[in-house]
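Heads up: the structure comes next, in structure tokens.
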Amino acid sequence: MAAEMEPPPLGNAGETDFRELEDGEDLFVSTVTTLEYPEPSSPEPASLPAEDISINSNGPKQKDVSFDDDPEDLFAEATEEVSLDSPEREPILSDGPSPAITPVTPTTMLTPRMDLGAADMFERSLDEIEEDNNGDTFDIHIAVSDPEKVGDGMNAYMGYKVTTKTSMTIFNKNETTVRRRFSDFLGLHSKLASKYLHIGYIVPPAPEKSIVGMTKVKVGKEDLSSAEFVEKRRSALERYLMRTVKHPVLLKDPDVIMFLESSELPRAVSTQALSGAGILRMVNKAADAVNKMTIKMNESDAWFEEKHQQFENLDLQLRKLHASVESLVCHRKELSVNTASFAKSAAMLGNSEDHTALSRALSQLAEVEEKIDRLHQDQAYADFYLFSELLGDYVRLITAVKSVFDQRMKTWSKWQDTQLLLQKKRESEAKLQFANKPDKLQQAKDEIKEEIEELEGKVEQGEKDFELISKTIRKEVSRFEKERVKDFKAVIIKYLESLVQTQQQLIKYWEAFLPEAKAIA
Amino acid sequence: MMEEDREGLLRVSAHTIRVTEAVRDGDSLTFIVISQKLSGSGEYHVARTHEDFEWLQQCLFSQEEVPGVLGVIFPPLPAKPHLNASTKVLKQLGFLVMGKEWCTYCKALEIYLQQVAANTRLNKNKCLENFLTSSDAPGQQRVRKSIFNRLSQAVEGLRKEGHKDVDDFFQTERDNNFTLTGCSKSATERFLDVVLTEQKLAVACGHLSTCLHLCVEQRDDGTAQAFSQICVKLSEVVDLMKKNFENVAENNLSTLGLGLDLETRYQEAKKEMLYRRTCKLVELETASKNAERAKPIRKAAMDDLKMKSEKEFDQISGVAKQEIARFHSVHVKLLHQALILWCEKQLETAKETSASYSQHLQAFKDLGE
């Protein structure tokens, strides 16, 4: 929310004002063009319209005033998200206004603006949003279930039921059920990424697209691999939503709430695999990669250096771990197949055997082996859905973390670029002093003065942005780390419980078989 | 106590024969064979190589003086253990070579010796006594040519296996044996696949455990410590999983694996015996035909041949019937024991593992609480 701000004069005074402002509230800049909050009366702040940092825009001067009608473009920033298996891994950011949101006349959205320097501002920073839960404790459970194929042929899609159970007051009801399709999830992520990634929030990545997997489902292939694919996707979607709402800021995002509650959602079109927008994004990503190579940041903060390295290491380790667990899953499936095969041949052996008791015992043997096979399958399921997918999720999450670090670098870079530009303008101004065309001089001087003022404002903004994103990242990383420990612990406990359960079941099977084996005369 | 030296009676009590260990000597294995004297006054300790065992087997095959010896189901000797062989060869040997320190192989040899010693048609052979009691290795002695060779030469070129039998009992036995041989071979091979996969899983767990250790972070702060703790604890569990797979695999191969392997080889041995009898049958039928068609000059000779053949055939059939009856009870007993032992061992392992898992689960829940 913009505080009213007079164009800061050059010199220290302006800076001091600026600082005061900072103490009170942090400004945040959003790139969403339009937005909507269902209850304007709620203390939740409206997002700002995009601040177009190009030279032609309205400068900081006009931040407080007009929510101009020029729908500003979102930065179609292609953050890097690396997939573990699928080649295309672009987080698809919304271009253009979110279709889910209808523009509302901005003036009604603003909470009253405060004077510069006043400590009691209504505008809430995201910090405050985070802390204030309206007295709610975090209590929300989302389930994704009942995958159902809708439609026929290549236009078919899988619809999922999303059930939200909660006691939190930001939601309309305690229990809501809606139907969503995969592109809806992608659309949600896209919106969240475009709103929050560039200001330093770690937005959980959405599950991956899979053209092969979906095609199988579309053409109606009813085999085991299709069923597995759907189940894998269903589980991934559920984890994705839970991770998203665990983030205190994202939980309160209107897009998230609408996703969970609204019965109809406009179709997110820009997620189509080979759309024109997709190609544009790929171009942007290439440009970004080039930029990244040339940005050399003077890191003044050792913390960031350290953390960056730490995440690089963690990324490597988790990938190795993931590969190792996948190998375990693979072998266990193989064991299941071999056990089933042995069970069959044991049954045949039992049938051929003359001696009645031995024959019976061999048949029992076959049955025990079949049961054990099912245990192997259950365990492989746990291996995969608990352990392997957890690791996969975190590898993907870490790429989101890395991209947030990149955003900080970009913010720094923009700031520095603006500073350079300012310097050049000042040099031009100085040169003008010694020019010899008096009539044009004054005009030129005025022009330059204006430009310089504008740039000074931008430089200040740039520095503020940089400091803000740095601060946000520190918090986010801390939250992420705590969450990581909790997450791993919770999942591993579940995994261990599955091991214990399997083992106890196995004991029962052996105990039941022993008398059968002994009964051979 | 005077040692009874009755003619032909084995001085050793059959069921006390043990093959206790395999000693590796460069590229060869030597097996320690221990048996109790029948008189109860002590033990025999001998060291034998696989060549020695082969020598014994050849001796048994060469017993022409035993009437109807072709009807005996010879206990099968396990194939030679190659120490540095290719995986293919090892896979052929299957369960016997997979156990810890050749335990399973020794057990197979032990059962072989026990079965030989328990068979009244085989245990009077001096070679067996020699094998079990003499401190000298017998393997270098020359053995008489095996009787089997002569027979197979005689009826070369004929497809005899499917040759219809004159006796319903034997026809049934042959049919059943044919099915059982196939089934047991298949079951053995598939069980082998199971055990191999279990061993692979153990290796995968080891690898996973190492990866988890690599995730331990050196930093001082709280979350790093917590995460490192989780990784370490989890790797302990994974080590348990590894141990479990190793034990399960070992139990499998040393009990049921061995049992199935024995079953397969015994069914094969029975098949060979039945085949020998069938060959004799063919020989008899040929001799009969020849005798019928023979010209008067040769008729007497042909008749003689036929009579000889008939006598041998009857002897073989007689012995075979007894052997088959014995075989049935032996093979049931062997499988029975294998199944019980298998179940008991797996149950014990499962209980141990379950207790360990539960312990670790609790420790995990208590982490950082």
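Labels below follow one simple rule: chain letters A, B, ... track the order of the sequence lines, proteins then strands, and each chain is numbered from 1. In what follows, every heavy atom counts, from backbone to side chain, and hydrogens, waters and symmetry copies are set aside.
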Can you establish whether the number of heavy atoms outside [X] located under 6.0 Å from its atom [atom1] is more than 12?
X: A/F405; atom1: CZ; result: yes
X: A/R474; atom1: CZ; result: yes
X: A/K307; atom1: NZ; result: yes
X: A/K344; atom1: NZ; result: no
X: A/K402; atom1: NZ; result: yes
X: A/Q377; atom1: CD; result: yes

Measuring heavy-atom distances to chain B, does [X] have an atom under 4.5 Å in its side chain, in its backbone, in both, or in neither?
X: A/E516; value: neither
X: A/Y509; value: neither
X: A/L358; value: side chain
X: A/L316; value: neither
X: A/F387; value: side chain
X: A/D354; value: side chain

- Query: Is a salt bridge present between A/E511 and B/K351, judged by a nitrogen-to-oxygen distance below 4.0 Å?
  - Reply: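 A salt bridge is present here (some side-chain N lies under 4.0 Å from a carboxylate O).
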- Salt bridge B/K365-A/E497, side-chain N to carboxylate O under 4.0 Å: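 A salt bridge links B/K365 with A/E497.
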- Would you sort out whether B/K200 and A/L335 count as a side-chain contact (heavy atoms from CB on, under 4.5 Å), showing the intermediate values? CA-CA 9 Å; B/K200 268 194 250 177; A/L335 182 60; over 6 Å; no
- Task: Name the member of A/E306, A/Q504, A/Q310 that forms the most heavy-atom pairs with chain B at distances under 4.5 Å.
- Result: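 Looking at each option in turn, the highest pair count goes to A/Q310.
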- Task: Give, as side chain, backbone, both or neither, the part of B/E217 having an atom under 4.5 angstrom from any heavy atom of chain A.
- Result: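 For B/E217, side-chain heavy atoms alone lie under 4.5 Å from chain A.
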- Task: Go through the atoms of B/V237 and report whether side chain, backbone, both or neither lie under 4.5 Å from a heavy atom of chain A.
- Result: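 Just its side chain gets close to chain A.
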Looking at every non-hydrogen atom in both residues, tell me the closest pair between [X] and [Y] and how far apart they are.
X: B/T197; Y: A/E334; value: OG1-OE2, 3.7 Å
X: A/Q503; Y: B/T353; value: NE2-CB, 3.7 Å
X: B/C215; Y: A/L321; value: SG-CD2, 3.8 Å
X: A/S324; Y: B/A204; value: OG-O, 4.3 Å

- Task: Look at B/T179, B/L214, B/L256, B/N244 and state which one has the largest set of heavy-atom pairs under 4.5 Å with chain A.
- Result: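 Top count of heavy-atom pairs under 4.5 Å with chain A: B/L214.
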Can you tell me how far apart [atom1] ([X]) and [atom2] ([Y]) are? Round to the nearest 0.5 Å.
X: B/L335; Y: A/L362; atom1: CG; atom2: CG; answer: 6.0 Å
X: A/E353; Y: B/H331; atom1: CD; atom2: NE2; answer: 3.5 Å
X: B/S354; Y: A/Q505; atom1: OG; atom2: CD; answer: 11.0 Å
X: A/L499; Y: B/H360; atom1: CG; atom2: NE2; answer: 11.5 Å
X: A/R484; Y: B/I230; atom1: CZ; atom2: CD1; answer: 9.0 Å
X: B/T223; Y: A/K486; atom1: OG1; atom2: NZ; answer: 13.0 Å

- Message: Is a donor from one side chain sitting under 3.5 angstrom from an acceptor on the other, for B/Q199 and A/H331?
- Response: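 Absent: no donor and acceptor within the cut-off.
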Could you tell me whether the side chain of [Y] reaches within less than 4.5 Å of the side chain of [X], counting heavy atoms only?
X: B/L180; Y: A/L349; answer: yes
X: B/N176; Y: A/S352; answer: no
X: B/W342; Y: A/L365; answer: yes
X: A/K320; Y: B/H207; answer: no
X: B/F227; Y: A/L314; answer: yes
X: B/M241; Y: A/L328; answer: yes
X: B/L234; Y: A/F488; answer: no
X: B/T188; Y: A/F342; answer: no

- Message: Pair B/Y357, A/L496 - check side-chain contact (heavy atoms from CB on, under 4.5 Å), show working.
- Response: CA-CA 7 Å; B/Y357 281 166; A/L496 289 184; 6.0 Å; no
- Message: Using the rule given for side-chain contact (heavy atoms from CB on, under 4.5 Å), can you reason through B/E344 versus A/K518, listing the C-alpha separation, both sets of side-chain angles and the distance that settles it, and then say yes or no?
- Response: CA-CA 10 Å; B/E344 285 173 346; A/K518 288 188 169 164; 3.8 Å; yes
- Message: Before you tell me yes or no, could you show the steps for A/F513 and B/L347 under side-chain contact (heavy atoms from CB on, under 4.5 Å), namely the whole-Å CA-CA distance, both residues' side-chain angles and the distance that decides it to 0.1 Å?
- Response: CA-CA 10 Å; A/F513 180 68; B/L347 180 55; over 6 Å; no
